[in-house]
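Right, one structure below, let's go through it.
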Amino acid sequence: EVQLVESGGGLVQAGRSLRLTCAASGFTFDDYSIGWFRQAPGKEYEGVSCISNSDGSIYHADSVKGRFTISSDNEKNTVYLQMNNLKPEDTAVYYCAAEINPHCSGDGFKARWMDYWGKGTLVNVSS
């Protein structure tokens with residue numbers, strides 16, 4: 001059974017940090033690009049960051065570049081999203097998602113193309 005389990009969300013003040021974790025199981029980790037989407041109330045999914053476990057490519061959306069860092073531990077089948085200098089506009093449900101794709105890029109990182117999804121974790125940033 002494929003599972004993507006997110007953890008690490010919570011309520012935090014603006015300017016602080018959080019680290020999200022996505023634990024993956026049930027598929028060949030190295031064949032996939034794994035990343036994070038977020039959805040704020042009333043808004044569409046936004047692709048935040050992704051990382052390829054095949055070629056090591058990484059993508060960060062302009063809205064988080066310089067503040068968020070995605071990383072992967074292939075031995076643990078886990079992907080992390082370190083979020084620093086959080087802003088109220090970062091408030092959203094964050095979802096981990098995986099796509100069988102050897103390369104990660106902004107052009108290819110679209111919600112409709114993801115093969116697997118986690119259930120999400122809420123990040124709430126207060127001003």
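Residue numbers run from 1 in the order of the sequence given.
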query: Going by atom types only, do N74 and S72 share a side-chain donor-acceptor pair under 3.5 Å?
result: yes

- prompt: Does any non-hydrogen side-chain atom of V12 lie less than 4.5 Å from one of N124?
  reply: no

query: Stepwise, does the side-chain contact (heavy atoms from CB on, under 4.5 Å) test hold for R67 with H60?
result: CA-CA 10 Å; R67 300 187 298 122; H60 290 293; over 6 Å; no

message: Once salt bridge (Lys or Arg N to Asp or Glu O under 4.0 Å) is applied, what residue pairs with a partner in residues 24-43 remain, sequence neighbours excluded?
response: R38-E46, R38-D90

- prompt: Going hydrophobic residue to hydrophobic residue with side-chain gaps under 4.5 angstrom, can you get from M114 over to V2?
  reply: no

statement: Heavy-atom nearest pair, P88 first then S127, reads CG-CB, 3.8 Å

task: Report the residues that fulfil ring-ring contact (aromatic ring centres under 6.0 Å, His included) with Y32, sequence neighbours left out, ordered by chain and then residue number.
output: F27, Y116

- prompt: Does the side chain of C96 reach to within under 4.5 Å of the side chain of W117, using non-hydrogen atoms?
  reply: no

query: Tell me the salt bridge (Lys or Arg N to Asp or Glu O under 4.0 Å) pairs involving residues 96-119, sequence neighbours left out?
result: none

query: So do T91 and V123 actually touch side chain to side chain, heavy atoms under 4.5 Å?
result: no

- prompt: Can you check whether V64 reaches S49 side chain to side chain, under 4.5 Å on heavy atoms?
  reply: yes

- prompt: For Y59, which residues count as a ring-ring contact (aromatic ring centres under 6.0 Å, His included) partner, sequence neighbours excluded?
  reply: none

message: Quick check: closest heavy atoms across A61 and G47, and the distance to 0.1 Å?
response: CB-O, 3.4 Å

- request: Evaluate side-chain hydrogen bond (donor to acceptor under 3.5 Å, both in side chains) for S33 paired with N101, printing each intermediate quantity in order.
  value: CA-CA 6 Å; S33 291; N101 189 337; 4.9 Å; no

message: Starting from L4, can I reach V48 by hopping between I/L/V/M/F/W/Y residues whose side chains sit under 4.5 Å apart?
response: yes

task: Could you list all the ring-ring contact (aromatic ring centres under 6.0 Å, His included) pairs where at least one residue sits in residues 62-89, not counting sequence neighbours?
output: none

- prompt: When rounded to the nearest 0.5 angstrom, what distance separates CD1 in I34 from SG in C50?
  reply: 10.5 Å

- prompt: Rounded to the nearest 0.5 Å, how far apart are CG of N84 and CG of L18?
  reply: 9.5 Å

task: Return yes if a side-chain donor-acceptor contact under 3.5 Å exists between D73 and T78, otherwise no.
output: no

task: Identify the heavy atoms of S54 and P102 that sit nearest to each other, and give their distance.
output: CB-O, 3.6 Å

message: Can you confirm whether M83 sits close enough to L81 that some side-chain heavy atom of one is under 4.5 Å from a side-chain heavy atom of the other?
response: yes

field: All pairs passing ring-ring contact (aromatic ring centres under 6.0 Å, His included) where residues 92-114 contributes a residue, at least two apart
entry: F37-F109, Y45-Y95

query: Judged by atom type as modelled, is there a donor-acceptor pair below 3.5 Å linking the side chain of E6 to the main-chain atoms of T121?
result: no

task: Measure the spacing between CG of L86 and CZ of R16 and express it to the nearest 0.5 Å.
output: 10.5 Å

- prompt: For the hydrophobic clusters of this structure (ILVMFWY residues joined by side-chain heavy atoms under 4.5 Å, transitively), does one cluster hold both L20 and V5?
  reply: no

- prompt: Of all heavy-atom pairs between G35 and I70, which one has the smallest distance, and what is that distance?
  reply: CA-CD1, 4.2 Å

task: With the side chain counted from C-beta on, respond yes when T21 and V79 share a heavy-atom pair under 4.5 Å apart, and no when they do not.
output: no

